[in-house]
J.: 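Have a look at this one before I ask anything.
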There are 2 protein chains.
Amino acid sequence: MQTEMASGAGNPRLIDRKPHELLWRRLSSFAPLSDQERSIIRQTCAAPGQVRAGVELYVEGEPLSKPGALLAGWACRLRVLSDGRRQIFDFLLPGDLFGHPARAEPLAAASAATLTAVSIAGTGCLVEMVREPDRFPGLCRAWAAAQARQEAYLLNHVVRLGRQTAYERIAHLLVELGHRLDEIGFPLGSFVPMPLTQEVVGDALGLSVVHVNRTLQQLKRERLIETKAASVRLIEPDALAEIADFRLPRRVPSTG
Amino acid sequence: MQTEMASGAGNPRLIDRKPHELLWRRLSSFAPLSDQERSIIRQTCAAPGQVRAGVELYVEGEPLSKPGALLAGWACRLRVLSDGRRQIFDFLLPGDLFGHPARAEPLAAASAATLTAVSIAGTGCLVEMVREPDRFPGLCRAWAAAQARQEAYLLNHVVRLGRQTAYERIAHLLVELGHRLDEIGFPLGSFVPMPLTQEVVGDALGLSVVHVNRTLQQLKRERLIETKAASVRLIEPDALAEIADFRLPRRVPSTG
DNA sequence: CGATAGGTTGAAGAGGCTCAATTCCGGTGG
DNA sequence: CCACCGGAATTGAGCCTCTTCAACCTATCG
């Protein structure tokens, strides 16, 4: 029941639209935007950059000079330990922002890399926005809210890693990604894109590939999920949320 | 060698000083502060609140209305799962800030609770600061930088939980806390306060109390650390940092 | 002096890892 | 259209880290 209420049936399939519409709709879901702001977003999306899979968008420790927005494809933030072990911190989905240099954090605390081929809204206008916050108050608020959301996901991630079993971790991640995809128009409960290899899932959840594989099989056997190509269907989102002790991020009343 | 360079020998024992001096020195290590800002800090610290151990400072989901600064004692941010399992996200040490409602994140994403009796700089003037950012640009920058730092610690925490063994996790946490204490005047390599029960360490690092205990014993047996009352001495900070693959947070060139 | 929180110890078992081999699948070249 | 290739997924077996349970010890405090 919660499933149907939360379902993205009402969310237009943003991906199918023009990129700037995806970004505008998504940002204005965080804070109201002016017409001027809408137009700067349109400009920013005019000539998106194309980047292949497996490319680093920026590197840990490097100055963050180029804010960007993901228009299509998936990426992640990660760190590589000195012995080669990798830890993925979070995922970037279409409509997500990255590399904001403001807030007195000029250096990247983690690297970011593409997981698929991606399309990225250029840096030009976004830099402008960051430089002159007073001209784009709505954009700034939206960006801040998006960042706060991203941080809430990071806390979820800590809980997964610290206190949940492999089974719960995977269920939790799937539900979280399911809800995020729902927000950009892929209804919860239907087949949705999930271009993650089992190794990537393992690097995110602190598990070995082998164990990710076995746990996914269990979830399939129990008919909680099914997979096809690079996509997943959460057959029983509520049951998964129950298993994972998943809580929807409280929607912030957008009172400005 | 790195140890000696990073040692807090140069840092005055801030704890021993007047509370407002601790806070001022700490904040101005993040961004230059004006005299006016110094005086508002002094006011804020004039009548610190006293809170006992084990008290919640704020609760997850509650509106964040009361920014504060910890002047003495330890606290942590945490979340309690529905089945009672706890996960600690990070620790608050003297000089640390919490509960900043700005940045469009009006609701707390986690609870915060005291681990010891603490002394807290009141909300009055800090609220003022948040309301009128233009009057206190330095303070705002400092606060943002402090928050960025806190976030870097959170990423460290994810790496610990996701990719390190119990032995590495504990070494890593100890070194990180050692460096943070060094910054407020407790030299790395000497006995420093560490008022954490083994249960708290377990809740932070995703380990059982029993295993924390055994791992600590191993570290003591190997003469890497020694403990006394609620304090610890990192006998071999470099060796510990090596074990933990610990990296010092890059100091931000304070050009801004 | 009893109460209570925190620390210590032992034993057994589970969850997850490693190693190693095999299969599957989407693409590529012939 | 087929053979082949490489990355990803799958499977089996053994082992090890860490957990759980349960008991016991130790300090501190009213």
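Naming: A, B, ... by sequence-line order, numbering from 1 per chain. Small disclaimer: the values here were computed from a predicted structure and weren't measured.
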J.: Write down the distance between CG (B:Asp83) and P (D:dT20), rounded to a whole number of angstrom.
T.: 11 Å
J.: If we only count heavy atoms from C-beta on, is the B:Tyr58 to B:Phe98 side-chain gap below 4.5 Å?
T.: yes
J.: Which distance, rounded to the nearest 0.5 Å, do you find between the CD of B:Glu151 and the CG of B:Leu154?
T.: 7.0 Å
J.: Keeping to residues at least two apart or across chains, list the side chain to side chain donor-acceptor pair (under 3.5 Å) pairs with something in residues 158-167 of chain B.
T.: A:Asp203-B:Arg163, B:His157-B:Arg160, B:Arg160-B:His172, B:Arg160-B:Glu176, B:Thr165-B:Glu168, B:Tyr167-B:Glu222
J.: State which residue, out of B:Val201, B:Leu78, B:Leu205, fulfils the side chain to side chain contact (heavy atoms under 4.5 Å, CB included) condition with B:Ile88.
T.: B:Leu78
J.: Once you round to the nearest 0.5 Å, how far does CD1 of B:Ile243 lie from CG of B:Asp245?
T.: 11.5 Å
J.: Return whichever of A:Leu196 or A:Arg163 has its heavy-atom-nearest nucleotide of DNA chain D closer to the 5' end.
T.: A:Leu196
J.: For the atom pair CG (A:Leu207) and CZ (A:Arg169), what is the distance rounded to the nearest 0.5 Å?
T.: 5.0 Å
J.: For A:Leu219 and D:dT10, give me the distance from atom CG to atom C1', rounded to whole Å.
T.: 16 Å
J.: Under the salt bridge (Lys or Arg N to Asp or Glu O under 4.0 Å) rule, what do A:Asp96 and A:Arg180 come out as? Steps first, then yes or no, please.
T.: CA-CA 10 Å; A:Asp96 283 340; A:Arg180 289 176 65 177; 2.6 Å; yes
J.: Distance check needed: D:dT17 C1' versus B:Ile170 CD1, whole Å only.
T.: 13 Å
J.: Enter the distance from B:Glu60:CD to A:Arg247:CZ here, rounded to the nearest 0.5 Å.
T.: 5.0 Å
J.: Determine all donor-acceptor pairs shorter than 3.5 Å in which one atom belongs to a side chain in residues 188-196 of chain B; sequence neighbours excluded.
T.:
| from | atom 1 | to | atom 2 | distance (Å) |
| --- | --- | --- | --- | --- |
| B:Ser190 | OG | B:Pro187 | O | 2.7 |

J.: Nearest-Å distance, CZ (B:Arg221) to C1' (C:dT9)?
T.: 12 Å
J.: For a 4.5 angstrom cut-off between non-hydrogen side-chain atoms, does A:Leu216 reach A:Thr227?
T.: no
J.: Ignoring the backbone of A:Thr197, work out which of C:dG16, D:dA9, D:dC18 is nearest its side chain.
T.: D:dA9
J.: Could you pull out all residues at least two apart from B:Arg221 that satisfy side-chain contact (heavy atoms from CB on, under 4.5 Å)?
T.: B:Gln217, B:Gln218
J.: Does any residue of residues 203-218 of chain A have a heavy atom under 4.0 Å from DNA chain D, and if so, which ones, in number order?
T.: A:Val210, A:Asn213, A:Arg214, A:Gln217
J.: Between P on D:dT28 and NZ on B:Lys228, what's the gap in Å once rounded to a whole number?
T.: 14 Å
J.: Tabulate atom names and distances for all N/O pairs under 3.5 angstrom spanning the protein and nucleotides 24-29 of chain C.
T.:
none

J.: D:dA9 P sits how many Å from A:Gln198 CD, rounded?
T.: 4 Å
J.: Could you tell me the separation between the CZ atom of A:Arg160 and the P atom of C:dG16, rounded to a whole number of Å?
T.: 15 Å
J.: Expressed as a whole number of angstroms, how long is the span from A:Gln164:CD to C:dG16:P?
T.: 11 Å
J.: Just how large is the angle between the end axes of the helix from C:dC1-D:dG30 to C:dG30-D:dC1, five pairs per end, to 10 degrees?
T.: 40°
